[in-house]
Trainee: 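Dropping the structure in here first, questions after.
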Amino acid sequence: MKTVAKDILELFFPHICHGCGVPLLQNEKHLCLTCHYELPLVNEASSLESSLHRILYGRMPLLEGAAFLYFQKGSFVQEILHAFKYEGAQGLCEHMGQLMGMQFNKNGFFNQADYLIPVPLHPKKERKRGYNQAAILAKGMSNATKIPLNTSLIARNQFTESQTKKSRFARWLNVSSVFEVPPEASAQLRDKHIVLIDDVITTGATLEACAKPLIDLGAKISVATLAKAQ
Ligand SMILES: [Zn+2]
């Protein structure tokens, strides 16, 4: 369903499926049963040699990597990601984080991790949106995995323009120095296993930039995303 039409429908019928727009039954939350069944799971056998390792190959040392869902243009995973960013669907976002954590538990991924750290949004953007969708995903994942959420070990320090229309190199330049570890946190990172959380991985430039200052201070980095391009 077209997003605008769905937005208008939602004004009148708030309990509709974020994936396909059908009214939800009383025991359904955020997504209908059909959409839950049809989630396009990535479900790779190993988090030590994953498709995220191929994306980030040669750019950063990666311990474990896993994405929960495949993302395609026009798919309902795109609807879900859109809802996170523009419709304030925090309940849906936390729910997806929980499902993602349950799947990774089942696969035995990230079970030695010390912290989940969401990739920070720029404070201006976060104020405008009211929340950081990666932090809400991480909260849901933390509920399911019992890995503590930590949002105090890395911060974002300058405004970057929208990433969407830039080449990989331009994106890298754009984000390569925007993340930093607050001075009071720098002694807490040595040998810590940190799972960076983001909603979607495309080129990996943002995750690479966010990982760098943590790696420089001795942390071991894993990456988990809700979605990845197919
Ligand atoms: Zn549905």
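In each ligand, atom 1 is the first atom listed, and ligand 1 is the first ligand listed. Quick caveat: nothing in here was measured; it's all calculated off a predicted structure.
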Trainee: Treating Y115 as the side-chain partner and L153 as the backbone partner, does any N or O pair qualify as donor plus acceptor under 3.5 Å?
Mentor: no
Trainee: If we ignore hydrogens and angles and just use 3.5 Å, is the side chain of T225 paired with the main-chain N or O of V200 as donor and acceptor?
Mentor: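 No, because the side chain of T225 does not come within donor-acceptor range (under 3.5 Å) of the backbone of V200.
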Trainee: How about H36 and H95: are their ring centroids closer than 6.0 Å?
Mentor: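 That pair passes the under 6.0 Å test.
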Trainee: For the Zn ion (ligand 1), count the protein N, O or S atoms found under 2.8 Å away.
Mentor: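 Of the protein's nitrogen, oxygen and sulfur atoms, 4 lie under 2.8 Å from the Zn ion (ligand 1).
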Trainee: Would you compute the distance between atom CG of L24 and atom NE2 of H15 and round it to the nearest 0.5 angstrom?
Mentor: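 So the gap between those two atoms works out to 8.5 Å.
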Trainee: Walk me through it: do D199 and Q133 pass the test side-chain hydrogen bond (donor to acceptor under 3.5 Å, both in side chains)?
Mentor: CA-CA 7 Å; D199 52 356; Q133 73 273 13; 2.9 Å; yes
Trainee: Only counting residues at least two apart or in another chain, list the ones meeting ring-ring contact (aromatic ring centres under 6.0 Å, His included) with F110.
Mentor: F104
